[in-house]
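Since the model is a prediction, treat every value here as computed from it, not as a measurement.
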Protein chains: 4
Amino acid sequence: MPREVREREMLDAAVATFGQRGYRAASMDEIAELAGVSKPLVYLYLNSKEELFTACIRREADALLAAVRAGVVEPGLAPDEQLWSGLTAFFAHTAENPDAWSVLHRQARTHGEPFAAEVTRMREELVSFVTGLLRDAARATPASPDLADLGDRDVVGIAQALVGAAEALAGWANETPDVSAKEAASTLMNFAWTGLGNLMDGERWPK
Amino acid sequence: MPREVREREMLDAAVATFGQRGYRAASMDEIAELAGVSKPLVYLYLNSKEELFTACIRREADALLAAVRAGVVEPGLAPDEQLWSGLTAFFAHTAENPDAWSVLHRQARTHGEPFAAEVTRMREELVSFVTGLLRDAARATPASPDLADLGDRDVVGIAQALVGAAEALAGWANETPDVSAKEAASTLMNFAWTGLGNLMDGERWPK
Amino acid sequence: MPREVREREMLDAAVATFGQRGYRAASMDEIAELAGVSKPLVYLYLNSKEELFTACIRREADALLAAVRAGVVEPGLAPDEQLWSGLTAFFAHTAENPDAWSVLHRQARTHGEPFAAEVTRMREELVSFVTGLLRDAARATPASPDLADLGDRDVVGIAQALVGAAEALAGWANETPDVSAKEAASTLMNFAWTGLGNLMDGERWPK
Amino acid sequence: MPREVREREMLDAAVATFGQRGYRAASMDEIAELAGVSKPLVYLYLNSKEELFTACIRREADALLAAVRAGVVEPGLAPDEQLWSGLTAFFAHTAENPDAWSVLHRQARTHGEPFAAEVTRMREELVSFVTGLLRDAARATPASPDLADLGDRDVVGIAQALVGAAEALAGWANETPDVSAKEAASTLMNFAWTGLGNLMDGERWPK
DNA sequence: GATGAATGAGGGTTCATTCAT
DNA sequence: AATGAATGAACCCTCATTCAT
């Protein structure tokens, strides 16, 4: 069997095992067995547990970023609709790849460097993606005094909050039966776009 | 030395060690040494690593809940101001107890049952606390058609999103220099109460 | 059983195993079994294979040096008789501790730093011990133009040769039946003190 | 590429690797890579690690013996000058082939049978070569009562000591900067031919 | 003549846990 | 109330060796 194929199978097995057991609790034995190969082959191809885990993180981070970007490509949409598209793609992807999501959201950030750095990279790309959306939206609103008086730090903070809310909802949606990606995205838009204050007054998203 | 005191010292040492190393990487040896006692004594008082970790989680979850509740007790406040108080207390507590926060937010949820259950319990109490606030607020807004048409699931989802956003901001605030609890709370209120849509239009919290 | 005793037993087992198998081929399992303890206890007391081996080398090097020095203490002897005493003690010690001798002469010098350094230290002490003897002898021979025109390097070289010859004879004596320490020492004195050129002419040591 | 050439390249690589790493630490992977061939080819030609190492030892032992014999062929020389020639050749060869010398002197004798036997064979040939020289020399000294009263065992012991001294000096010369083969040989002749007792009295070799 | 793919076996190290005192 | 001594089990990693092509 060609190396490339085997290597992908190993990564699949590793993501599943790491996602379910955690980095430390996952054993190379279990990963090898799940991949249907012997342990030495895993080492031959991926060198060490650390490199294997890093390779998992990188692959899944790239896949998630790609999924979100792909979900938002339709041009000419209003900013809130773009955001909604991205969120829907995000929730759909995490729901379809729960082990990968566990690796990224839980395991990788819990086991120190050099793993956290990989996820921080992804998170920063998501955050900058969101801040881009927000700034675009602000520019497109003529009456707006822009987001200028919020300051860069506030904007980043808000994006962090949005990503964190999305991540929490992803976990909740995965554990709650029958919550579709669209429903999760709508819930989040209600919360994040409309704002609690206006929800109180009966407003809803989409208006 | 009385048992109760020793036990608290052990839990302190355990929270610090688990928080910094993670559940698996923390060794009973290290915890015992940090607590200044011999390993068999740890076992005598706390039975096993699993029970020790569970005790840590439970103690810190209760402490965090208590801190948030204590931050909100002033009666007669407007709902948004109550929310702001609770968030401020939350951010202050997590900033002052980073190891405890690491145990609750990262470690406990990363290492499967029975630990995740403890955190889920805490999270659900936070969520129900927040939903209570929201429902109270809605009742206090006469013009509101209440939150009724949102459905229970939406309300819970929104609360989950709020808690998730708060958790993400807590992490970000801990890693970013000089972000005070009040600043984090204000950022979150801007995001969560005002809503992104209205931020675009120049609105800010507090109005 | 008290720690000190156990530790000595472990070192005994380790010297035997390292001496017979070599550093790499000796397994911690075998050493532990020969010492009658479990492997973790070996690690608890001696930390690692490397430290264990180093401890063996150090202990045996010190023991050998002490044996040689003890063999030479009689004051007032002529230099050649002092040398003969030291050599006899050396051959007796190596014959009685063949595993220790293997560790020092073969294993330690074959497995790079930091082991070789320990043996180099011992060898240098032996060499400086021998050069001391030689210089004393030269001073005590009034007619001698001293060893001055030999230069320091020649003296060290000669001492190295003597130690090397002794080491080779030790190996040969251990493998050849019924070669006593005294016989080996006498053979070496014939070679080293009398010199081949004079042996040819029928001279012998002692004259 | 013809088999013979490939095989020599493999042995070269193996001698270098074994000499530097030691028998156990050298891996077939590293040897194959250094030889520029795939691992199965090494097995095809040399069957196993053990046989490969044995082949290395045999080749280098023969080369060293040949070098010493070649250094001594000039007929009609005095016995001490013949000995000096042989030693010079020995020191020159070991200095030019440090990896080979490491294999013979250190590695081969440190890793038990069947390797030690190969070196013992070589050593015995050296010893019998030297005893031949000595006996020839004794016969050529009319006044000498021959070496008869030394007994065979003494002669062999003396030859062992000489070879051991030469080996020790070879190691010392390799580690000490700027010690030429001739200098090492002269130092050894001073020691071995003249004898320490006469060095004390100011004698030197050559007289 | 030559190799990419693959593995059984074994070694160093760590750790949660217990027993006798 | 407290500990020094000890271990079974498991984990990461390496390596000599083979097979199909």
* A:S48 vs C:G36, nearer the 5' end of DNA chain F by closest nucleotide -> C:G36
* To do: Report the nucleotide, chosen from F:dT17, E:dT17, F:dC12, that has the shortest atom-to-atom distance to any side-chain atom of A:M28.
  => F:dC12
* Expressed in angstrom and rounded to an integer, what is the separation of B:I31 atom CD1 from E:dT17 atom C1'? -> 14 Å
* Below 4.0 Å: OP1/OP2 of F:dA2 and any side-chain N or O of B:Y45 -> yes
* Asked: Would you say D:H105's side chain and D:W101's backbone share a donor-acceptor pair under 3.5 angstrom?
  -> no
* Rounded to the nearest 0.5 Å, what's the gap from CG on A:L52 to CD1 on A:I31? Could you check? => 5.0 Å
* Toward the 5' end of DNA chain E, which comes first, C:A25 or B:Y23, by nearest nucleotide? -> C:A25
* **Point-to-point distance, once rounded to the nearest 0.5 Å, from CD of A:E60 to CG of A:D99** => 9.0 Å
* **Value in whole Å for how far the C1' atom of E:dG8 lies from CD of A:E33** => 15 Å
* How far does CZ of B:R58 sit from CG of B:L104, to the nearest 0.5 angstrom? -> 12.5 Å
* **Minimum-distance pair of heavy atoms, taken over all atoms of D:G19 and D:S102** => O-OG, 2.8 Å
* Residues in ring-ring contact (aromatic ring centres under 6.0 Å, His included) contact with C:F115, at least two apart in sequence or another chain -> C:Y23, C:F53
* Asked: Heavy atoms under 4.0 Å, any strand shown: does D:R6 hit a base, just sugar-phosphate, or nothing?
  -> sugar-phosphate
* Calculate the interatomic distance between D:E4 atom CD and E:dG1 atom P; express it in whole Å. => 13 Å
* Asked: Just how far, in rounded Å, is P of F:dC12 from CG of A:D29?
  -> 7 Å
* Asked: CD of B:E51 versus C1' of E:dA16: gap in Å, rounded?
  -> 14 Å
* Heavy atoms under 4.0 Å, any strand shown: does B:A32 hit a base, just sugar-phosphate, or nothing? -> nothing
* Asked: Is C:K39 side chain donor-acceptor paired with the E:dT13 base, going by distance under 3.5 Å alone?
  -> yes
* **C:K39 NZ to C:E30 CD distance, which is reported to the nearest 0.5 Å** => 12.0 Å
* Structure fact -> Taken to the nearest whole Å, CZ/B:R24 to P/F:dA10 is 12 Å
* Can you check the B:L44 CG to F:dA1 P distance for me, whole Å? -> 8 Å
* Asked: Rounded to the nearest 0.5 Å, how far apart are CG of A:L65 and CZ of A:R121?
  -> 7.5 Å
* Grab the stems for DNA chain F, please: at least three consecutive Watson-Crick or wobble pairs, both distances below 3.5 Å, written as range with range. => E:2-21 with F:2-21
* To do: Select from C:S27 and B:E50 the residue whose nearest nucleotide in DNA chain E is closer to the 5' end of that strand.
  => C:S27
* Nearest-Å distance, CZ (B:F53) to C1' (E:dA16)? -> 16 Å
* Structure fact -> Per atom distances to the D:P40 side chain, the nearest of F:dC13, E:dG4, E:dG12 is E:dG4
* Proximity to the side chain of C:K49 - top-ranked nucleotide from F:dC13, E:dG12, F:dA6 -> E:dG12
* Closest nucleotide among F:dT14, E:dA6, E:dG12 to the A:Y43 side chain -> F:dT14
